[in-house]
Novice: 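What follows is a structure written as structure tokens; I'll ask about it next.
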Amino acid sequence: MQYWLFKTEPDAFSIDDLAAMPEQIEHWDGIRNYQARNFLRDNVKCGDQVFIYHSSCKNVGIVGLAEVVKEGYADHTQFNPDSNYYDPKSSPDNPRWVMVDIQFKQKFSQILPLKLIKSMPEIIEIGLVKKGHRLSIMPVQPAEFEYLLSRCQGTS
DNA sequence: GCCAACGTTGGC
DNA sequence: GCCAACGTTGGC
């Protein structure tokens, strides 16, 4: 099993939106970065645990936990000319972009702020604390995941 | 809304 | 294949 962190802008789709979905499952579409795509296509597996992170908002940080329930498949928004994520260079024969489905597991009673994460001496590997890292899908080392999770749940 | 740090594009 | 121009991300 592997651990991940997915970023989302809560104005567009938040942890609460995920929790409100039927069966609390939603497909994670709109990833248009090759490095992130490669993670989704090759490495994100069913049962993997995913931190949900809110970005570009008032309180940025880790807000909850989800689980992968469907592995990489073609992101349908790439074929839709009306979508913001439309990619005319992609074709159904050879889809360029993939997505996975995740299911809500938990919303933490308090957000774990980015500022706090950056101040933790235990946390040095995760892309969040590295300069200029903008990936919207990033792996999390098991030890760092466990530590962050304990900090999230310890406050509840 | 600013701007630094990236990623992508396209001319050559 | 280089690299300048451009677009995007995302914290502040």
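All values reported here derive from a predicted model rather than from experimental measurement. So you know, we letter chains A, B, ... as the sequences are listed, proteins then strands, and number each from 1.
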Novice: Under a 3.5 Å cutoff, is there a donor and acceptor pairing between the side chains of A:Tyr85 and A:Asn80?
Specialist: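 Checked: A:Tyr85/A:Asn80 side chains show no N/O donor-acceptor pair below 3.5 Å.
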
Novice: Once the angle between the rings of A:His27 and A:His76 is folded into 0 to 90°, is it parallel (under 30°), tilted (30 to 60°) or perpendicular (over 60°)?
Specialist: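 Perpendicular, since the angle between the ring planes exceeds 60°.
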
Novice: For A:Met120 and A:Val129, run side-chain contact (heavy atoms from CB on, under 4.5 Å): C-alpha distance rounded to whole Å, both residues' side-chain angles, the deciding distance at 0.1 Å, then the answer.
Specialist: CA-CA 10 Å; A:Met120 296 173 177; A:Val129 303; over 6 Å; no

Novice: Would you mind listing every ring pair (Phe, Tyr, Trp, His ring centres under 6.0 Å) that reaches into residues 30-65 of chain A, with sequence neighbours excluded?
Specialist: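 Applying ring pair (Phe, Tyr, Trp, His ring centres under 6.0 Å) to every pair that reaches into residues 30-65 of chain A, excluding sequence neighbours, yields A:Trp4-A:Phe39, A:Tyr34-A:Trp97, A:Phe51-A:Phe145.
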
Novice: Reading nucleotides 6-12 of chain C from the 5' end, what letters show protein touch, with B for base, S for backbone sugar-phosphate only, - for no heavy atom under 4.0 Å?
Specialist: --BBBSS

Novice: For DNA chain B, whose closest nucleotide is more 5', that of A:Lys89 or that of A:Asn33?
Specialist: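 Residue closer to the 5' terminus by nearest nucleotide: A:Asn33.
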
Novice: Is the closest basic N to carboxylate O distance between A:Arg32 and A:Asp75 below 4.0 Å?
Specialist: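 Yes, this pair counts.
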
